[in-house]
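Below, all heavy atoms of this structure are taken into account, side chains as well, without hydrogens, waters or symmetry copies.
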Amino acid sequence: NAQADYEKMTEDASVKRAADSKSLTEKADAKASTEEALQAEKEKKTGLGKEHMAVLEYIQSLHGECDWLVSNYDARKEARTGEVEALKSAKDVLNGADYALVQTAVRSTRSLRGHA
């Protein structure tokens, strides 16, 4: 009877050792897989951190451009107005207007009135 109990106990221990060994192997595989995923996520985080810094630098440069545009708005508006007037004058000249004669005509009319 004691021999049968001993054989049963050693068989149970052998089965338990096999199950524990299999469990240990599965857990080691899971750990390796998890560590590999962790490393991939760390690399991803590093890449995203660099991308985030690049975006922040770009936003900062845009902010500088916007500040410049706002601070020089009046000067730029005057320059645009001058350009529009110059383009209108050029268009009129191309359409046949002669500003030199207009000025001369105004002067000659004034000089005629002055003599009369």
Side-chain angles (χ1 to χ4, degrees):
N1 194 5
Q3 182 67 29
D5 288 341
Y6 175 76
E7 288 175 5
K8 174 76 170 141
M9 183 182 73
T10 55
E11 185 180 326
D12 290 345
S14 175
V15 169
K16 183 167 181 356
R17 275 194 306 275
D20 288 346
S21 176
K22 182 179 178 186
S23 174
L24 184 62
T25 303
E26 290 172 353
K27 288 180 181 179
D29 289 344
K31 180 183 176 192
S33 171
T34 303
E35 287 176 346
E36 186 178 315
L38 175 63
Q39 185 63 32
E41 290 299 319
K42 284 181 179 179
E43 291 171 4
K44 182 178 175 183
K45 180 185 175 196
T46 301
L48 289 174
K50 290 178 182 177
E51 183 179 345
H52 182 250
M53 289 300 294
V55 168
L56 290 177
E57 289 175 10
Y58 179 67
I59 289 172
Q60 187 65 27
S61 72
L62 287 179
H63 187 65
E65 286 180 38
C66 287
D67 287 347
W68 183 85
L69 289 172
V70 169
S71 67
N72 293 308
Y73 174 77
D74 292 331
R76 292 174 51 243
K77 182 179 177 182
E78 287 178 27
R80 272 193 315 277
T81 302
E83 289 174 6
V84 168
E85 290 301 319
L87 288 172
K88 285 180 183 177
S89 297
K91 181 181 173 185
D92 291 343
V93 168
L94 290 174
N95 285 332
D98 189 358
Y99 285 111
L101 292 177
V102 171
Q103 292 296 325
T104 306
V106 170
R107 286 185 192 147
S108 62
T109 306
R110 286 185 186 159
S111 63
L112 289 176
R113 288 183 187 161
H115 291 294

- Item | Distance in Å, H63 NE2 paired with Y58 OH, rounded so as to fall on 0.5 Å steps | 14.5 Å
- What is the distance from atom CD of E43 to atom CG of L48, rounded to the nearest 0.5 Å? 12.0 Å
- Item | K42 side chain reached by L38 side chain, heavy atoms, under 4.5 Å | yes
- Note on the structure: Rounding to 0.5 Å, atoms CD (E65) and CG (L69) come to a distance of 7.0 Å
- Task: Look at the side chain of T81 and the backbone N and O of K77, then say whether any donor-acceptor pair between them is shorter than 3.5 Å.
- Result: yes
- Query: Are the side chain of T34 and the backbone of A30 linked by a donor-acceptor contact shorter than 3.5 Å?
  - Reply: yes
- Message: I'd like to know if the side chain of T25 reaches the main chain of S21, judged simply by a donor and an acceptor atom lying under 3.5 Å from each other, with no hydrogens or angles considered.
- Response: yes
- Does S23 use its side chain to pair, donor to acceptor, with the backbone of A19 at less than 3.5 Å? no
- What distance separates R76 CZ from E83 CD, expressed to the nearest 0.5 Å? 10.5 Å
- Item | Euclidean distance, K45 NZ relative to H52 NE2, rounded to 0.5 Å | 12.5 Å
- Message: Salt bridge check, K8 against D12: does any charged N sit closer than 4.0 Å to a carboxylate O?
- Response: yes
- Give a yes-or-no answer on whether the side chains of Q3 and E7 include a donor-acceptor pair shorter than 3.5 Å. yes
